[in-house]
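Remember, predicted model here, so these are calculated numbers, not experimental data. Chain naming here is simple, since letters A, B, ... match the order of the sequence lines and numbering starts at 1 in each.
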Amino acid sequence: MRELAHFPIRYRLVPTNTSDRPVRVRFAPSPTGDLHVGNIRTALFDWAYARHTGGQFIFRIEDTDRERVTDEYIKAAQDTLKWLGLNWDEGPEVGGPYGPYLQSERLDIYAEWSAKFLAQGDAYHCYCSSEELEARREAQKAANVAPGYDGKCRTISSDDLAKYKSEGRLPVLRMRMSDGSTTFTDSIRGDVTFDHNFVPDFVLVRGDGSPLYTLAVAVDDILMKVTHVLRGEDLLSSTPRQIRVYQAMGVSESDYPTFAHLPFVMGQDNAKLSKRNGEVSIAWYRERGFLPEAICNYLALLGWSPGDDRENVTMKELTELFTVERVHSSPARFDMKKLEAINGDKIRELTLDELLKRTTPFLIKDGVITGTPEELDVVKSALPIIQERIATLAKVSQMLKFLFVSKFEVDAEELPKIKDEQAQAVLKKSNDVLQKLENWDHESIHMALKSALIEGLGLKPRVAFGAVRIAVTGSHISPPLFESMELLGRSRSLERIAGSIS
RNA sequence: GGCCCCGUCGUCUAGUGGCCUAGGACUCUGGCUUCUCAAGCCAGCUACGCGGGUUCGAAUCCCGUCGGGGCUACCA
């Protein structure tokens, strides 16, 4: 076994794509659950960068830990990306020249490289058991030295080897780190240096022969000719290990990818956003009626800005404007209120047909309609009056429910408001004038009620119309009253008003 | 503990030595809009973590400090 030369490793990277290699960016999640806000922010930046540069966007599944990654989650990840419009050029389903794109299907490749590393002396077998390692780590902590593998099995006597083998111990494959340090240029953070004293020999292959992330990620990025690695900040300190694998692979420095570590998206509790702290899965937002373009727009503004005051950015504009240089190095807090505001803006930008298409599934799911053409006609005529008052698509159901219920009932907590003397007078008067109304359109209804209630009874509009609103829609919050009554129709409107009179 | 990253309104951000008595957006508060809720419009509150230095001049550069976060696995 050859000892590695003891010299500091100098590794310089150009901060932006000045290389003439075509840009290839990958998004490589390890789907151990539904993709969450942080994952998607990374995917979005990866995608935007690829599109901005006219490069390729590669989607790779890191499923080397088959105990935590399930097929279900892999499928869900693909669905989420597609729903968001982050289409990939290479990856699952579409294939590509450097596939397969599931690491679990590339095991022979990793086996080949790990055998090579072993033969070259870059890596070595380590027979230390988990218990032994744990004990030594504890001792290191107690002695206040940097914890990490101590290199015990770098050299191993034949006696010990025979002993371990007779005990049936299965070795892991460890990468040998040299002395010195690794410096690389992160496009977002600048030069970052790690002293190898704090980068212990790391495991490439488990005792059972399966590869670890540390091996697979580096091998794949090289083999798939990835030029830019934009990923979460949590992986920053694992970069020297990736670079060590590149060296062992014999890759020349000019072919190393450029790294850019994106800042975290944090939860309200100021901790890294994770499954623990609440509503982080993209599926959760989808179910609540958030638009994919709104999610992308909002997420793009977390850690990046176009540079001017604009906040409403389309996907197209994002691809035009996105550069790594404008990505922040500091973490951002996720703010649901702002997402809702942007979602509302995006809803208001939708055409009527588009809005109808998007809201229909929610109305059906909530049992408001079954989806007949007649129902959709009604929905379509009602959408213009609620488009500016909903922040999420899921809100349409409660707004339009009153138009479809077969057995109408006033909300229990609203009922007392129309039972007092004044309200009853309003309803009786309304019933009288509306019975005689010739044209049942919102303008006529408005005029009739205004004249009867405001001028006739001398009431404040909000008081008078409020009672009618509750009687007709069942709630004090509703779309505009007169339009609602026009949509509801004469008979049902009058029926409800009459039904509210005691 | 060690290593690494980070630090402008409550939140997201603009800002790369003078354009900053720090701009925008979201939130919040008040008002307008005589049908609610929204939307829209107007106004207001509120920030350069702290301490030194460099400079004629610092949010911007340097040092220190404090604070937050990540990593420290046969997870990724």
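If you check every strand for non-hydrogen atoms under 4.0 Å, Ser475(A) touches nothing. The residue Gly466(A) sits apart from the nucleic acid: no heavy atom pair falls under 4.0 Å. Nucleic acid contact for Lys141(A): none, since no nucleic acid atom lies under 4.0 Å from a heavy atom of the residue. Arg66(A) comes within 4.0 angstrom of nothing in the nucleic acid, heavy atoms only. Residue contacts shown for Pro263(A) are absent, as no nucleic acid heavy atom lies under 4.0 Å away. Counting non-hydrogen atoms under 4.0 angstrom, Gly232(A) reaches nothing in the nucleic acid. Residue Ile454(A) is classed as having no contact, given no heavy-atom separation below 4.0 Å to the nucleic acid. Gly307(A) comes within 4.0 angstrom of sugar-phosphate atoms only, judged by non-hydrogen atoms across all strands, and of no base. Across all strands, Gln140(A) comes closer than 4.0 Å to no nucleic acid atom at all (heavy-atom distances). Among the atoms of the strands shown, base atoms are found under 4.0 Å from some heavy atom of Val172(A).
Between Phe322(A) and Trp304(A), a ring centre-to-centre spacing shorter than 6.0 Å is recorded. Aromatic ring centroids of Phe402(A) and Phe408(A) lie 6.0 Å or more apart.
Taking atom P in both A25(B) and C61(B), one finds a spacing of 27 Å when rounded to whole Å. Atom name P, nucleotides G30(B) and C45(B): the rounded distance is 15 Å, in whole Å. Separating the C1' atom of A14(B) from that of C71(B) is a span of 32 Å, rounded to the nearest Å. Look at the C1' atom in both A22(B) and C35(B): the space between them is 43 Å, to the nearest Å. Rounded to a whole angstrom, the distance from the C1' atom of C48(B) to that of U21(B) is 14 Å.
Using a 3.5 Å distance cut-off with no hydrogens or angles, the side chains of Arg231(A) and Thr239(A) do pair a donor with an acceptor. A donor-acceptor pair shorter than 3.5 Å can be found between the side chains of Asn197(A) and Asp195(A). In the model, Arg469(A) has a side-chain atom that pairs as donor or acceptor with a side-chain atom of Ser478(A) under 3.5 Å. Side chain to side chain, Asn39(A) and Thr42(A) fail the donor-acceptor criterion of an N or O pair below 3.5 Å. Donor-acceptor pairing under 3.5 Å is recorded for the side chains of Tyr124(A) and Asp201(A). Using modelled atom types, one finds a donor on one side chain and an acceptor on the other under 3.5 Å when comparing Ser104(A) with Asp63(A).
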- Query: So His261(A) and Asp186(A), side-chain hydrogen bond (donor to acceptor under 3.5 Å, both in side chains) or not? Walk me through it.
  - Reply: CA-CA 7 Å; His261(A) 290 90; Asp186(A) 183 290; 2.6 Å; yes
- Message: Before you tell me yes or no, could you show the steps for Phe202(A) and Tyr149(A) under ring-ring contact (aromatic ring centres under 6.0 Å, His included), namely the whole-Å CA-CA distance, both residues' side-chain angles and the distance that decides it to 0.1 Å?
- Response: CA-CA 7 Å; Phe202(A) 56 98; Tyr149(A) 190 67; over 10 Å; no
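One N or O donor and one acceptor, one from the side chain of Arg389(A) and one from the base of U36(B), sit under 3.5 Å apart. On a pure distance criterion of 3.5 Å, a polar donor-acceptor pair joins the side chain of Glu311(A) and the base of G24(B).
Following rounding to the nearest Å, Leu299(A) (CG) and C12(B) (P) show an atom-to-atom distance of 14 Å. Note: CG (Leu453(A)) to C1' (U36(B)) measures 15 Å, nearest angstrom. Between Leu212(A) atom CG and A76(B) atom P there is a gap of 5 Å when expressed in whole angstrom units. When rounded to the nearest whole Å, the span between CZ of Arg174(A) and P of C74(B) equals 6 Å. Rounded to whole Å, atom C1' of C37(B) lies 13 Å from atom CZ of Phe402(A).
Distances from the side chain of Glu388(A) to the nucleotides C12(B), A38(B), C75(B) place A38(B) closest. Comparing C26(B), U11(B), U36(B) by their nearest atom to the side chain of Ser478(A) picks out U36(B). Checking A14(B), U36(B), C75(B) against the side-chain heavy atoms of His476(A) singles out U36(B) as nearest. Taking only side-chain atoms of Leu302(A), from C-beta outward, the nucleotide of C28(B), C12(B), U11(B) with the closest atom is C12(B).
Judged by Watson-Crick or G-U wobble contacts below 3.5 Å, the nucleotide G40(B) has C32(B) as its partner.
Applying the 4.0 Å criterion to OP1 and OP2 of C75(B), one finds that Arg206(A) has a side-chain N or O inside that range. Arg137(A) has a side-chain polar atom (N or O) that falls below the 4.0 Å cut-off from OP1 or OP2 of A73(B). The phosphate of C71(B) has neither OP1 nor OP2 within less than 4.0 Å of any side-chain N or O from Arg241(A). For Arg462(A) and C35(B), the shortest distance from a side-chain N or O to OP1 or OP2 is not below 4.0 Å.
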Show me the protein contacts with nucleotides 2-9 of chain B, counting only N or O atoms at under 3.5 Å.
{"from": "C5(B)", "atom 1": "O2'", "to": "Arg189(A)", "atom 2": "NH1", "distance (Å)": "2.4"}
{"from": "C5(B)", "atom 1": "O2'", "to": "Glu233(A)", "atom 2": "OE2", "distance (Å)": "3.4"}

